[in-house]
Amino acid sequence: EFLFSTNDDGWLVGGGEPGPPVSYKLAAKDSAHVEIMRVGTYRKDWGGVPLEELLEGMKDILIPQIEVVPTAVVANPDRPPELEIRFDMEPERIMDWKAPLPINWQLRFIHNQLFKKFIFPSRFCPGAFHSTILRKAEFRSEEHRTKYFAKCDAAIAEWRKKGPQPLNTVPRTLTGEPMEESEAEQEQQNNLAIVSSSSKKDELPYPEDEAPAAEEKKDDDDVIAAVASPEPATPVANVDVARSADAGDSSSSGQSTEIQIGDTVTTPYGTGKVLSIVASSTTEETESFQIELPYGKLFVRLTEVLQKKPEDDEAAKATNETTQVVSPKDCHSGIWLFTDRENITHFFKPNFLPPYDTPEKMQIILDVLKEEWDEETLSWKPCGQGSMSRAKAAHDASRNAAKKTSPQHINQLEQFMGNVLSTMNSYCTPQNPTEVAEK
């Protein structure tokens with residue numbers, strides 16, 4: 001109706017392309033996605049990050065329940081352009097924790113953590129945060145282009161009325177089929193299992209040309225052992241904690257080492273009861289604790305325990321009872337690791353669960369969102385001053401300019417140009433030789 005040409009992939013949404021004879025495009029699955037960080041390669045000597053390091057590092061990433069809403073459909077600067085659905089964070093600036101969180105904050109929240117955690121040459125994110133739905137889009141005319149984007153604007157308006165929605169409401173396999181909760185829990189544990197030997201590295205789903213080279217056999221003392229825990233898929237939160245001047249003295253460390261199962265402790269993520277104690281896996285690390293918070297279970301390190309408050313059990317229980325609790329079994333909208341657009345190897349389930357309006361959680365979120373990655377200078381900028389914000393402003397300006405070019409204006413322009421050409425034609429048409437002779 002609006003387009004006369006695209007690239008051979010056709011539409012990347014709506015189920016993809018069925019292929020001949022239903023479609024004249026190549027048969028392909030629906031592969032549209034919002035890219036948050038591109039790894040590039042699993043080979044460190046090529047500038048990438050090994051898969052086992054990536055999986056291990058993901059344990060430090062807080063993944064909220066992702067609920068998003070499209071903010072615009074735009075044509076990127078390519079010629080012919082790609083059509084993209086934008087998922088921008090609106091509003092850009094966040095001043096204090098009392099204000100509502102912006103829409104689509106979860107994407108920026110995860111993106112910032114990933115770019116802080118993983119620093120390697122091939123790391124990249126092409127124009128966060130968008131989902132490409134069509135490439136090399138050539139419209140039948142400017143009028144068709146204007147009508148198409150007007151139709152998109154109407155669809156976006158309906159999405160905004162519904163508000164942010166989860167990307168997944170049920171657990172799914174890596175190929176997209178729904179699966180049982182027990183299967184999902186087992187798969188999540190497998191995805192985040194600690195790699196404890198070189199033999200297990202060989203079992204990871206590396207691309208054929210990027211399999212890691214064989215390593216020399218190491219002594220047992222040099223191998224990081226896997227630590228058994230009730231929920232190994234739950235990450236250890238790795239957030240900077242402001243500590244008092246005497247946090248490192250003997251009295252403080254003496255208090256922390258006395259923590260036992262059942263104690264109530266205060267952490268940067270809230271106050272909760274200790275469920276289990278996990279021994280350190282290396283001499284450089286301290287032991288960790290699994291605590292029960294109103295929004296789920298979380299592992300914290302010994303150094304992140306701010307205060308032990310065994311006398312506050314009843315108060316903490318009362319607080320938990322007045323807070324809306326969301327079960328991890330109800331949260332399935334996380335992030336996926338792709339080898340390429342058709343092959344998913346890992347799914348990372350939400351571990352930073354709703355609600356997000358408590359002071360502790362709001363502080364964590366705002367601390368992460370106060371900056372944004374600038375793709376042009378490859379550096380961090382204050383929120384609202386980086387390339388992401390500038391790109392959104394440019395898209396908005398382009399769309400506003402396009403809206404002013406309505407079909408009525410296009411018809412008036414075509415009529416005006418037609419009159420000009422007609423006038424020019426009357427002057428430029430060769431005259432009859434007889435008439436010239438008579439003159």
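Just the heavy atoms: all of them, side chains too, but no hydrogens, waters or symmetry mates, feed the values below.
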query = Regarding K116 and the six-membered ring of W380, is the cationic atom NZ or CZ under 6.0 Å from the ring centre and inside 45° of its axis?
reply = yes

ask   = Do the side chain of N351 and the main chain of I63 share a donor and acceptor less than 3.5 angstrom apart?
value = yes

request  = Give a yes/no verdict on a cation-pi contact between K44 and F120, requiring under 6.0 Å between NZ or CZ and the six-membered ring centre and an angle within 45° of the axis.
outcome  = no

key: Heavy atoms from other residues, nucleotides or ligands near CZ of F4 exceed 12 (cutoff 6.0 Å)   = yes

ask   = Of I85, L167, I335, L107, which meets side chain to side chain contact (heavy atoms under 4.5 Å, CB included) against V34?
value = L107

Approximate separation, where rounding is to 0.5 Å, of N104 CG and F129 CZ = 9.5 Å

message = Does the Lys NZ or Arg CZ of R123 fall within the cation-pi geometry relative to W373 - under 6.0 Å from the ring centre and within 45° of the axis?
response = yes

key: Pair R108 + E371: basic N to acidic O under 4.0 Å   = no

message = For W105 and Y356, take the angle between the two ring planes, folded into 0 to 90°, and tell me which bin it lands in: parallel under 30, tilted 30 to 60, perpendicular over 60.
response = perpendicular

task = Could you tell me whether the side chain of D374 and the main chain of S379 form a donor-acceptor pair under 3.5 Å?
result = no

message = Taking G47's backbone N and O only, do any of them form a donor-acceptor pair with S122's side chain (distance below 3.5 Å, no angle check)?
response = yes

remark   = Per side chain to side chain contact (heavy atoms under 4.5 Å, CB included), V74 is matched among H130, R86, E82 by R86

key: Donor-acceptor contact below 3.5 Å, side chain Q113 vs main chain F109   = yes

ask   = For S333 and Q65, does a side-chain donor sit closer than 3.5 Å to a side-chain acceptor?
value = no

remark   = In terms of heavy-atom contacts, C125 and E375 come closest through O-OE2, 2.8 Å

task = Consider only side-chain N and O atoms of K25 and T6, and report whether a donor and an acceptor are under 3.5 Å apart.
result = yes

request  = For N112 and V368, indicate whether the former's side chain and the latter's backbone hold a donor-acceptor pair under 3.5 Å.
outcome  = yes

